[in-house]
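Accompanying notes for the structure given below.
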Amino acid sequence: MPVPTSLASRAGADTIPIVPVKKGRLRDFLKDKPAGLKAWLESVGFTAEPGSVALVPGRDHRLRQVLVGVESPGHIWAYGDLPTKLPAKHRYRLEARLEAAEANNAALGWALGSYAYTRYKSAKRKPATLVWPEAADRVLVEARAEALCLARDLINTPADDMGPSALASAAGELAKQHGAKIEVIVGDQLLKRNYPTIHAVGRAAADAPRLIDMSWGKPSAPKVTLVGKGVCFDSGGLDIKTAAGMKMMKKDMGGAASVLALAKMIMAEALPLRLRVLVPAVENAISANAFHPLDVIRTRKGITVEVGNTDAEGRLILCDALAEADSEKPTLLIDMATLTGAARVALGPELPALFSNNDSVAADLLTHAQAEADPLWRMPLWQPYRKMLETYMADISSTGDAPFAGSVTAALFLQSFVSKDTPWVHIDTYAWNAKTRPGRPEGGEALGARALLALIRQRYARV
């Protein structure tokens with residue numbers, strides 16, 4: 001994990017100060033500074049635009065300080081690209097007055113910017129080291145960095161090394177670390193235990209389908225349940241994807257990785273709740289026993305579903321997991337899934353779609369998303385579109401035939417398996433950074449997890 005190597009305990013005499021300069025305030029910043037500094041910054045074209053960096057030498061021609069342009073000195077991504085921009089031979093300290101939350105943001109952004117996936121290839125370089133900001137909560141920041149980097153690692157790992165069994169092993173290790181209970185229901189046991197849709201989607205794969213069921217906390221505490229889509233690879237099934245459409249499908253378990261990261265943060269902070277995590281883990285493969293278009297499956301809830309398209313498999317595995325989650329009447333039910341291309345068309349790769357049956361929960365979550373710089377955008381559960389899922393063969397079609405509102409109809413399908421009085425949040429996420437941005441290298445990402453943690457902390461920890 002990046003925290004031990006990119007954040008250091010103590011500053012030394014050779015520690016280089018990093019001075020944040022707010023956009024539009026460079027002139028004010030330079031008022032009482034030596035003329036030589038102004039001349040240097042003019043010569044290198046430093047204007048304090050967010051993300052811009054100026055390395056300032058001293059009279060001995062050695063690096064003396066670093067100026068960085070920021071929107072806000074306490075923004076989580078203000079320093080996120082510095083670990084790979086600054087010379088790694090030095091250690092650095094932030095020369096800024098930061099409140100506790102701002103210091104945590106700075107340290108977490110630095111740690112996440114130090115991340116590199118190194119299972120198969122060494123990192124290009126070591127990240128630069130930052131001395132812990134004085135007001136930072138080291139335990140909290142380390143826990144969050146480790147959780148979010150866990151999600152990145154899981155998503156980045158190719159399907160050959162991250163199939164259903166490997167995902168279950170990762171969940172088992174997480175449970176062991178935090179003293180959680182875990183049960184994994186595998187293969188034909190899914191039929192005996194009444195999880196027919198999970199079995200149907202995953203039965204064609206050599207790595208058997210399974211349901212990962214983890215619980216933690218006091219049974220008497222408020223119940224929060226997380227459900228994550230764990231499609232470890234999606235060929236599309238018999239409705240096979242194109243080569244281009246299949247290429248990135250190792251990340252189709254991004255919802256599962258995201259809820260595992262969220263669970264790790266909850267457990268590490270010992271929040272006073274009863275947590276349950278349900279991850280249906282499958283590979284949607286093609287074989288002689290693969291499920292077919294227009295098959296009708298009787299789900300755990302008893303609702304019959306006609307398979308509109310075998311490439312819409314995520315909602316099928318989720319519906320059984322959601323039905324089980326809902327049976328306990330949790331005080332909050334959250335699912336995360338790389339569910340629809342329609343959400344990406346509407347909102348792009350950086351903005352997950354939020355659906356909820358509870359306006360209060362949705363409003364609070366959007367407030368936290370903005371405060372945490374972990375954006376979400378609410379989409380409607382537009383009930384008139386429920387007609388698009390009607391079919392004469394079964395209670396509901398998994399897709400319907402209409403080419404419109406794909407993310408909305410997918411959410412409406414899932415809503416059919418959640419009680420009206422259960423506060424429910426559905427996040428349709430890309431779970432991937434399409435390009436490198438400060439603190440967010442290209443690759444897997446638990447988009448929305450920090451915002452969800454803030455919501456849960458507000459509602460159950462009162463902090």
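Given the structure is predicted, the values throughout are model-derived calculations rather than measurements. The first residue in the sequence is number 1, and the count goes up from there.
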Does NZ or CZ of Lys251 fall inside the cone over Tyr430's six-membered ring, less than 6.0 Å from its centre and within 45° of the axis?
-> yes
Ser122 side chain to Thr118 backbone, donor-acceptor under 3.5 Å | no
Return yes when atom CD of Glu173 has more than 12 non-hydrogen atoms of other residues, nucleotides or ligands closer than 6.0 Å, and no otherwise.
-> yes
In this structure, CG of Leu271 is separated from OH of Tyr460 (nearest 0.5 Å) by 11.0 Å
By salt bridge (charged side-chain N to carboxylate O under 4.0 Å, His left out) - contacts of Glu324 (at least two apart) = Arg276, Arg300
Give a yes or no on whether the backbone of Trp132 and the side-chain of Arg138 come within a donor-acceptor separation of less than 3.5 Å.
-> no
Interatomic spacing from CE in Met248 to CZ in Phe233 - rounded to 0.5 Å | 10.5 Å
Atom CD of Glu134 with >12 non-hydrogen neighbours under 6.0 angstrom = no
Run the numbers on Ile76 and Asp374 for side chain to side chain contact (heavy atoms under 4.5 Å, CB included), then give the verdict.
-> CA-CA 10 Å; Ile76 186 172; Asp374 195 16; over 6 Å; no
Donor-acceptor pair between Ser360 and Arg459 side chains, under 3.5 angstrom = yes
Looking only at atom types and distance, does a side-chain atom of Asn156 sit under 3.5 Å from a main-chain N or O of Gly444, one as donor and one as acceptor?
-> yes
Is it true that Arg152 and Glu445 have a side-chain N and a carboxylate O under 4.0 angstrom from each other?
-> yes
Straight-line distance of Leu318 CG to Met336 CE, nearest 0.5 Å = 12.0 Å
Got a donor-acceptor contact below 3.5 angstrom from the Asp207 side chain to the Ser165 backbone?
-> yes
Closest non-hydrogen contact found for Phe413 with Phe417 is O-CD1, 3.2 Å
Close side-chain approach of Met246 and Ser235, heavy atoms under 4.5 Å = yes
Measuring from Ser258:OG to Ile155:CD1, what's the distance to the nearest 0.5 Å?
-> 5.0 Å
Is Lys241 atom NZ crowded by more than 12 heavy atoms from other residues, nucleotides or ligands, each under 6.0 Å away?
-> yes
Tell me, yes or no, whether the heavy-atom count around Lys124 atom NZ, taken from other residues, nucleotides or ligands under 6.0 Å, exceeds 12.
-> no
dist Leu447:CG -> Asn433:CG (nearest 0.5 Å) comes out at 6.0 Å
Is there side-chain contact between Ser52 and Phe46, with heavy atoms separated by less than 4.5 Å?
-> yes
Within the distance-only criterion (no hydrogens, no angle test), does the side chain of Arg457 pair as donor or acceptor with the backbone N or O of Leu455 below 3.5 angstrom?
-> no
Is any NZ, NE, NH1 or NH2 atom of the basic residue among Glu313 and Lys229 found under 4.0 Å from an Asp or Glu carboxylate oxygen of the other?
-> yes
When you measure from the side chain of Tyr79 to the backbone N and O of Pro73, does any donor-acceptor pair fall under 3.5 Å?
-> yes
Heavy-atom check, side chain of Met214 versus side chain of Val279, under 4.5 Å | no
Can any side-chain N or O of Arg450 pair as donor or acceptor with the backbone N or O of Ala373 at less than 3.5 Å?
-> yes
Regarding Asn284 and Asp234, is there a side-chain donor-to-acceptor distance under 3.5 Å anywhere?
-> yes
Should Val425 and Leu354 be marked as a side chain to side chain contact (heavy atoms under 4.5 Å, CB included) after you check the CA-CA gap, both sets of side-chain angles, and the distance that decides it?
-> CA-CA 7 Å; Val425 170; Leu354 156 66; 3.5 Å; yes
What one should report as the nearest heavy-atom pair of Gly314 and Leu339 is C-CD1, 3.9 Å
Any chance you could lay out the side chain to side chain contact (heavy atoms under 4.5 Å, CB included) test for Val66 and Val53, step after step, and finish with the verdict?
-> CA-CA 7 Å; Val66 176; Val53 176; 3.8 Å; yes
Minimum side-chain heavy-atom gap Met162-Lys250 below 4.5 Å = no
Taking everything shown except Asp160 itself, do over 12 heavy atoms lie less than 6.0 Å from its CG?
-> no
Can you check whether Leu82 reaches Leu130 side chain to side chain, under 4.5 Å on heavy atoms?
-> no
Return yes when atom NZ of Lys85 has more than 12 non-hydrogen atoms of other residues, nucleotides or ligands closer than 6.0 Å, and no otherwise.
-> yes
Would you mind checking if Glu269 and Arg144 are paired as a salt bridge, meaning a charged N to carboxylate O distance below 4.0 Å?
-> yes
What are the two closest non-hydrogen atoms of Leu262 and Ala449, and how far apart are they?
-> CD1-O, 3.7 Å
Is there a donor-acceptor contact under 3.5 Å from the side chain of Trp40 to the main chain of Leu55?
-> yes
Under a 4.5 Å cut-off applied to non-hydrogen side-chain atoms, are Leu347 and Pro352 in contact?
-> no
Give, for atom CG of Leu332 and atom CG of Leu226, the distance between the pair rounded to the nearest 0.5 Å.
-> 8.0 Å
Please assess Phe404 against Thr409 for the test side chain to side chain contact (heavy atoms under 4.5 Å, CB included), listing each intermediate value before the final yes or no.
-> CA-CA 8 Å; Phe404 308 112; Thr409 54; over 6 Å; no
Check: Trp77 side chain, Gly113 main-chain N or O, donor-acceptor pair, under 3.5 Å = no
Nearest heavy-atom approach of Arg378 to Ser356 is NH2-O, 3.2 Å
With under 30° as parallel and over 60° as perpendicular, where do the rings of Tyr385 and Trp382 fit, or are they tilted in between?
-> perpendicular
Check whether any side-chain heavy atom of Tyr92 lies under 4.5 Å from a side-chain heavy atom of His90, and answer yes or no.
-> yes
Hey, is CZ on Arg125 packed in by over 12 heavy atoms from elsewhere, all under 6.0 Å?
-> yes
Ala369 to Ala451 - nearest heavy-atom pair and separation | CA-CB, 3.7 Å
Are Ile456 and Ile334 side-chain neighbours, meaning at least one heavy-atom pair lies under 4.5 Å?
-> yes
In terms of side-chain geometry, is the basic nitrogen of Arg344 or Asp428 positioned less than 4.0 Å from the acidic oxygen of its partner?
-> yes
With sequence neighbours excluded, tell me which residues meet salt bridge (charged side-chain N to carboxylate O under 4.0 Å, His left out) with Lys247.
-> none
Just by modelled atom types, is the Ala342 backbone N or O under 3.5 Å from a matching donor or acceptor in the Ser407 side chain?
-> no
Heavy-atom closest pair (Ala204 atom, Ala285 atom, distance to 0.1 Å) is CB-O, 3.7 Å
